[in-house]
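Data first, discussion second: the structure below is written as structure tokens.
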Amino acid sequence: MDASEISGLRGLDRASAVSSLTGALAEKQKKTTGTLFDSFLNTAIDNIKTTNGYLSDAEDEELKFALGETENTHDLIIALQKASTALQYTVSIRDKLLDAYKELMQMQI
């Protein structure tokens with residue numbers, strides 16, 4: 001709620017002001033909830049894209065090394081470790097989300 005909305009409430013009686021504030025807060029909470037889920041989903045998609053990028057880079061480094069295009073094992077090991085760590089992280093997050101979903105489904109209403 002900005003200053004213009006607050007100054008507009010000064011002319012109202014107490015009950016009207018509280019009602020207006022409650023409505024404004026409820027509307028803001030609805031917007032935040034939708035935005036929170038959207039940002040969570042977009043972050044998850046970005047993390048999956050990053051993991052796929054690391055896996056692709058590791059495969060490229062493996063192919064270069066196997067074909068003899070490079071002899072730098074340091075870059076190969078780094079790419080493989082990045083891919084492994086990112087994949088473990090992604091699988092861990094997936095498992096936690098599935099556990100939370102299963103727990104929600106088992107709740108009795």
Hey, is CD on Glu69 packed in by over 12 heavy atoms from elsewhere, all under 6.0 Å? yes
Please name the pair of heavy atoms, one in Ala79 and one in Ala58, separated by the smallest distance, quoted to 0.1 Å. O-CB, 3.7 Å
Working to the nearest 0.5 angstrom, can you tell me the gap between Asn72 CG and Ile78 CD1? 8.0 Å
Can you tell me how far apart OG1 (Thr73) and CG (Leu80) are? Round to the nearest 0.5 Å. 10.5 Å
What I'd like to find out is whether the side chain of Leu76 reaches to under 4.5 Å of the side chain of Glu62, using heavy atoms alone. yes
The criterion is side chain to side chain contact (heavy atoms under 4.5 Å, CB included); which residues satisfy it with Leu41, sequence neighbours excluded? Phe37, Ile45
Listing, residues 85-97 side-chain donor-acceptor contacts under 3.5 Å, not counting sequence neighbours, or none:
residue: Thr85; atom: OG1; partner: Gln81; partner atom: O; Å: 2.9
residue: Thr85; atom: OG1; partner: Gln81; partner atom: NE2; Å: 3.3
residue: Thr90; atom: OG1; partner: Thr51; partner atom: OG1; Å: 2.8
residue: Thr90; atom: OG1; partner: Ala86; partner atom: O; Å: 2.9

Which residues share a side chain to side chain contact (heavy atoms under 4.5 Å, CB included) with Ile77, sequence neighbours left out: none
Atom CG in Asp75, atom CG in Asp60: separation rounded to 0.5 Å? 12.5 Å
Taking all non-hydrogen atoms of both residues, which atom of Phe65 and which atom of Thr70 are closest, and how far apart? CD1-O, 3.7 Å
Straight-line distance of Lys64 NZ to Glu71 CD, nearest 0.5 Å: 14.0 Å
Which distance, rounded to the nearest 0.5 Å, do you find between the NZ of Lys102 and the CE of Met105? 12.0 Å
